[in-house]
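To start, the structure itself, in structure tokens.
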Amino acid sequence: WEADGRESAVGMLTNDGVAVIVGGKSDGNAIGDAGTQVMVGLLGAFLHGEPKRGLVIGLGTGSTAGWLAAVPSMERVDAVELEPAVTHIARACALVNHDAFRNPKLTVSYGDGRDVLLTTRRQYDIIASEPSNPYRAGVASLYTRELYRAARARLAPGGIFLQWVQGYELDLSTLETVYTTMRGVFPHVVTWAPLHGDLLLVASDTPIGGDVETLRDRLAREPYASAFRDAWRVTTLEGVLARFVGNDGLTTALGNRGRTNTDDNMALEYDFARHVGVHSGVDTGVLTTTAAMLGAMDPGWTGAAIDRASVDAQRMTSFVAEGQEPPASEAEGERAARREIARAFVAGDYDQARRAMGGFRGTVFDVTELAMIGQLLADAGDPSADGVIRTLAAYRPAEAAFILSLFRLRTGDAAGAARAFADACHAFRTDPWTWPLLAKRALPMAPAIIDAVGPGELGEAVFESLGQPFAASSEDETRLAARYLVAIRLDGMQPGEHTRVAIAPYTRANVPWRESVLAARATTLARLGDPGAAAAARDLARFRAHREPDLSSVLRARAGAGGS
């Protein structure tokens with residue numbers, strides 16, 4: 001979907017989770033960025049305890065505003081969006097934004113969020129700002145001293161201001177400018193990592209503390225229980241704390257040397273722009289290590305003790321949840337075993353991961369670790385996978401069914417594998433929080449299941465289960481590819497009706513522009529005698545004509561031409 005809006009050209013991509021495209025650039029994915037989009041507002045509400053009014057700058061997928069409005073104590077949430085056309089995308093994301101537009105507490109208005117902060121007389125308990133990247137024209141004005149002064153003036157007593165900052169494509173001096181600017185206005189600024197490519201600066205007039213038992217009780221209530229389980233894949237306070245980076249001590253260390261970004265000296269717009277396309281950033285793991293060296297890891301919570309081993313373990317698996325290897329460490333014993341399991345799992349080396357499990361004797365702390373251990377056991381056909389699958393099913397039914405399908409396939413129960421796979425796909429249609437990494441690895445099982453069960457009722461069930469998009473269009477390309485391979489097996493030597501149905505999505509305008517997809521489409525349509533075969537062949541030829549040659553081909557061609 002696309003539209004020319006009042007302020008911007010807006011688009012929506014659905015190949016791998018609903019993505020918001022503004023001016024040709026992705027400004028967020030409903031699935032991939034949920035850890036940030038949900039928590040920019042909800043983490044503030046969780047730390048505050050009893051927020052009544054919230055302001056969200058930028059609507060996007062509606063996740064920040066929708067989840068914030070779901071907090072029982074909240075009386076009103078104002079979301080300010082510059083581009084009205086974005087509302088179409090937010091409405092399409094009801095499954096991930098807590099059905100925001102059905103909540104009467106949410107009010108959406110169209111205009112400049114900066115203007116609202118500078119002119120409104122309302123007081124807010126939570127103000128959440130997640131604009132686009134600061135290098136885009138005008139966006140850095142939402143990161144200035146003047147903007148922060150306006151935000152602070154709009155906070156009710158005990159209020160919290162939350163500012164998203166990209167952790168990628170920036171250098172340390174740019175980050176220091178961000179901290180220096182915010183520290184110059186707010187007395188207290190602490191840092192969280194809602195995703196490992198993102199930072200969340202949480203600012204307030206007074207220290208944000210909390211009683212541990214009170215926070216545990218709050219975490220057990222909705223919408224917090226669902227939000228932390230869905231967006232961060234954690235169910236304990238230790239899992240929440242695993243995303244904490246550093247307290248005021250880290251802010252002081254980083255906020256002493258930078259420049260101040262002001263309305264009449266918008267340094268950040270240019271500082272960020274210098275690093276666009278440069279694949280570097282400030283690693284959240286390094287920031288956490290720095291905070292530990294500074295003694296700045298205490299969140300200020302009082303009362304009952306925190307299980308630090310659980311925090312460390314869940315900080316490690318928070319990387320796995322995003323498909324990243326955890327940072328290297330000098331850990332020993334069980335901690336080292338946990339890290340090696342996680343590293344090998346992300347790398348796809350299941351044999352090495354299982355070998356590392358020999359040193360693992362502890363508790364499985366979070367949903368990601370549960371799914372990871374279940375997948376490793378199921379892949380080996382280990383009967384102990386059954387208990388893990390049953391436990392996981394209480395949190396993530398689709399993931400549990402995918403793992404069960406793998407277990408049954410490995411143990412020779414082809415019929416059971418087919419039924420479990422179909423169950424997983426049906427559950428995935430309504431559960432947008434199914435782990436993308438697990439789904440990406442599970443969906444390609446489909447052809448092997450068909451090879452095991454053959455054509456027939458079970459094969460048809462697998463084919464049908466792949467026929468509709470998953471929630472929020474998650475893993476759509478992987479689903480379509482698996483369905484196409486299943487269709488080929490069901491039709492046998494000569495492409496038939498299954499193949500015709502499976503190739504249909506690739507005959508529309510927005511075909512994935514990759515050689516493997518274009519070649520399969522051209523070959524299949526030709527064998528089917530489809531009228532679109534000629535156009536598909538032209539697309540493939542056009543792709544190949546503009547493909548960059550690899551270096552070895554260039555050198556061979558030059559050698560054949562005498563090196564000229």
Face-on cation placement of R441 at Y350 ring, 6.0 Å and 45° thresholds:
no

Between Y506 and Y484, how do the two ring planes meet: parallel, tilted or perpendicular, split at 30° and 60°?
perpendicular

Cationic tip of R483 within the cone over F463's six-membered ring, i.e. under 6.0 Å and within 45° of the normal?
yes

Heavy-atom nearest pair, L68 first then G41, reads CD1-O, 3.5 Å

Quick check: do D431 and T434 have side-chain heavy atoms less than 4.5 Å from each other?
yes

Search all heavy atoms of C425 against all heavy atoms of F470 and return the closest pair with its distance.
O-CE2, 3.6 Å

Would you call the rings of F244 and W192 parallel, tilted or perpendicular, taking 30° and 60° as the class edges?
perpendicular

All heavy atoms of R339 vs all of P326, minimum pair found to be NH2-O, 3.1 Å

Kindly give the heavy-atom pair with the smallest separation between A90 and G62, and that separation in Å.
CB-N, 4.0 Å

According to the interplanar angle, ranging from 0 to 90°, do the rings of F345 and W435 count as parallel (below 30°), tilted (30 to 60°) or perpendicular (above 60°)?
parallel

So, R338 and E369, do they make that salt bridge, N to O below 4.0 Å?
yes

Side-chain ion pair, R233 and E399, N-O less than 4.0 Å:
yes

G66 and A100 have their tightest heavy-atom pair at CA-CB, 3.6 Å

Salt bridge or not between D382 and R354? Use side-chain N to carboxylate O under 4.0 Å.
no

Show the numbers, then the answer: is there a side-chain contact (heavy atoms from CB on, under 4.5 Å) between V367 and V234?
CA-CA 6 Å; V367 180; V234 300; over 6 Å; no

Could you tabulate the donor-acceptor pairs under 3.5 Å formed by side-chain atoms of residues 9-16, not counting sequence neighbours?
residue : atom : partner : partner atom : Å
N15     : ND2  : E477    : OE2          : 3.2
D16     : OD1  : E475    : N            : 3.4

From I306 atom CD1 to L215 atom CG, the distance as rounded to the nearest 0.5 Å
8.0 Å

Determine, for F101 and R91, whether the Lys NZ or Arg CZ falls below 6.0 Å from the six-membered ring centre while staying within 45 degrees of the axis.
yes

Looking at E340 and R335, is any side-chain nitrogen of the basic one under 4.0 Å from a carboxylate oxygen of the acidic one?
no

Check this for me: does any side-chain nitrogen of one of R221 and D217 sit under 4.0 Å from a carboxylate oxygen of the other?
yes

Look at R390 together with D386 and state whether they make a salt bridge at an N to O cut-off of under 4.0 Å.
yes

Would the distance check show the side chain of D33 and the main-chain N or O of T36 forming a donor-acceptor pair, the cut-off being under 3.5 Å?
no

CZ of F407 to OG of S384, rounded to nearest 0.5 Å, is 8.5 Å

Only counting residues at least two apart or in another chain, list the ones meeting ring-ring contact (aromatic ring centres under 6.0 Å, His included) with F228.
F46, W232

Which residues pass the side-chain contact (heavy atoms from CB on, under 4.5 Å) test with Q494, sequence neighbours left out?
R527

Criterion side-chain hydrogen bond (donor to acceptor under 3.5 Å, both in side chains) against Q37, the qualifying member of T61, D198, T64, N29:
T61

